2 protein chains.
Amino acid sequence: MELFCREYRYSLDAKNRLAIPAKYREILGETFIITRKLDPCLAIYTHEEWQKYSDKIKALPDSVAMELKEFIFPKTLVAEPDSQGRVIIPGDLKDHAQLDKNAVIIGVGDHAQIWSEALWEEREKKRDLASLRELMRQLGL
Amino acid sequence: MELFCREYRYSLDAKNRLAIPAKYREILGETFIITRKLDPCLAIYTHEEWQKYSDKIKALPDSVAMELKEFIFPKTLVAEPDSQGRVIIPGDLKDHAQLDKNAVIIGVGDHAQIWSEALWEEREKKRDLASLRELMRQLGL
DNA sequence: CTTCGTTTGCCCACTTTTCCCCACGTTTTA
DNA sequence: TAAAACGTGGGGAAAAGTGGGCAAACGAAG
C-alpha cells in the first residue's frame, strides 16, 4: 500500500530546487504532479491520485467551475526530478506557499504537502486538540 | 493525457506577435484554433477540442443561438505559428482581450487562455476563496 | 501601367532561462 | 570501518523568448 507519511525538512537552493524525499520518490515514480491547495501550501500527487482529483473538476461545466479551474490548473505542473531527485519550484508556486529557504514536506496519506517551515510550525502550534478530539468522537474513532 | 497547465508570461511585440509556450505547442501541433470567450480573454483549442466545442454550438437552432454564433465564429481563426513559435494576434481579438504589451497564457485543462497581464492579476486578486472552498467541499475534494 | 508605401511572412541574432551533468560532504547501511 | 545512498551546490550546454531586418505581396494613388 502506497502511503505518504513522515515529515522531512529540506532547503530550497538558489535555483529554487527542492529535494523530494527518497521514500516518496519510490512511491511517485519518474514524474508526478505538483499543484497548489487553497491553504498556503503545495500538494504532490501521484499521476493516479491526480487523475481521480482532476477528473472530478474537469467533469464540471465551465459555468460553475471555471473559477476553480482557473485557480488550480495554471498552478499545476508535471514535475520531473533531476538525477539528484530535486524539482524546480516555479516562482508563482513558491509565492503561493510563501516558501523561503526552509521547507517541510509532509505526508498526509494519499498525497504529500510542501510547507514553508515557518508556516508549518505556526500551524502545529495553533492546533486545537479539543476540536480534533470532538471530531474523532463524531467519526467514531 | 494532453493537459494544459501552468501559466506563462510573454510580451506582444510591435508586430502583434505572441509566443506560444513550447510545452503547449507540443500538444497543439502545427496549427490550432484561437477564438474569443465571453470574458475579456482569448481561448486556444486543439483542433480536436475545438471540434467538440463548436459542434455543440453549431447543433443549436439559429432561433436560440444566432447571437452566440455571431459572437464566436467571426472572431475565430486557425493559427499557424511562425518558425519561432509565435502567432499574430489580429486587432479585433487584441481589442477584445484588451491586450497590451504584457500577456499571460494560462492552461485550464482542456484548453488554454490568453489574458492581458493586468486583467489576469486583477482577476486573481478578486478571487473568492470561500466559495471555492465550498465548491470543493461539495465535490468531496 | 507604374510607383510608392504599407503590410505580411520569413529569417537571423541576441539574451535569458532552463536543463543536465559533475562534485563535495554528510548520513545511513552493510 | 568501508561502501552506498542522500542532500546540497555550482558550472556549462542547450533551448526558449524577444527584437529587428529584409524581401515578397498587396493595394492605393498618380
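Since this is a predicted model, take the numbers as computed values, not measurements. A note on names: the letters A, B, ... follow the listed sequences, proteins ahead of strands, and every chain is numbered from 1.
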*Do B:R17 and D:dG20 share a donor-acceptor pair, side chain to base, under 3.5 Å?*
yes
*Closer than 4.0 Å, any side-chain N/O of B:R25 to the OP1 or OP2 of D:dA15?*
no
*To the nearest angstrom, how far is B:I88 atom CD1 from C:dT7 atom P?*
12 Å
*Check if the side chain of A:Q84 and the base of C:dC22 share a donor-acceptor pair of N or O atoms closer than 3.5 Å.*
yes
*asked:* Let me spell it out: for each of B:K15 and B:I20, pick the nucleotide of DNA chain D with the closest heavy atom. Which residue's pick is nearer the 5' end?
replied: B:I20
*asked:* What's the separation between atom CD in B:E122 and atom OG in B:S116, rounded to the nearest 0.5 Å?
replied: 8.5 Å
*What are the two closest heavy atoms between B:Q84 and B:R25, and how far apart are they?*
O-NH1, 4.0 Å
_Rounded distance in Å - CZ (B:R6) to P (D:dG17)_ = 13 Å
*Report the relative orientation of the aromatic rings in A:W50 and A:Y53; use parallel for angles under 30°, tilted for 30 to 60°, perpendicular for over 60°.*
tilted
*So B:W120 and B:W115, would you call those rings parallel, tilted or perpendicular, with 30° and 60° as cut-offs?*
tilted
*asked:* Output the rounded distance in Å from CD1 (B:I105) to C1' (D:dG17).
replied: 11 Å
_Any base atoms under 4.0 Å from A:K23, or only sugar-phosphate, or nothing? Heavy atoms, all strands._
nothing
*Grab the CG-C1' distance between A:D13 and C:dC24 for me, whole Å please.*
15 Å
*Roughly how many Å is it from CG in B:L18 to P in C:dG9, rounded to a whole number?*
16 Å
_Is it the case that the base of D:dG9 and the side chain of A:R86 share a donor-acceptor contact (distance under 3.5 Å, atom types as modelled)?_
yes
*At under 4.0 Å between heavy atoms, what does B:D82 touch on the DNA or RNA strands: base, sugar-phosphate, or nothing?*
nothing
_Quick check on D:dT18: is either OP1 or OP2 less than 4.0 Å from any side-chain nitrogen or oxygen of B:S11?_
yes
*Round to the nearest Å and state the distance from A:R9 atom CZ to C:dT26 atom C1'.*
19 Å
*Between atom OH in B:Y10 and atom C1' in D:dA16, what is the gap in whole Å?*
7 Å
_Separation of atom CD in B:E26 from atom P in D:dA15, rounded to whole Å_ = 12 Å
*Establish, yes or no, whether a centroid distance under 6.0 Å links the rings of A:Y24 and A:F32.*
no
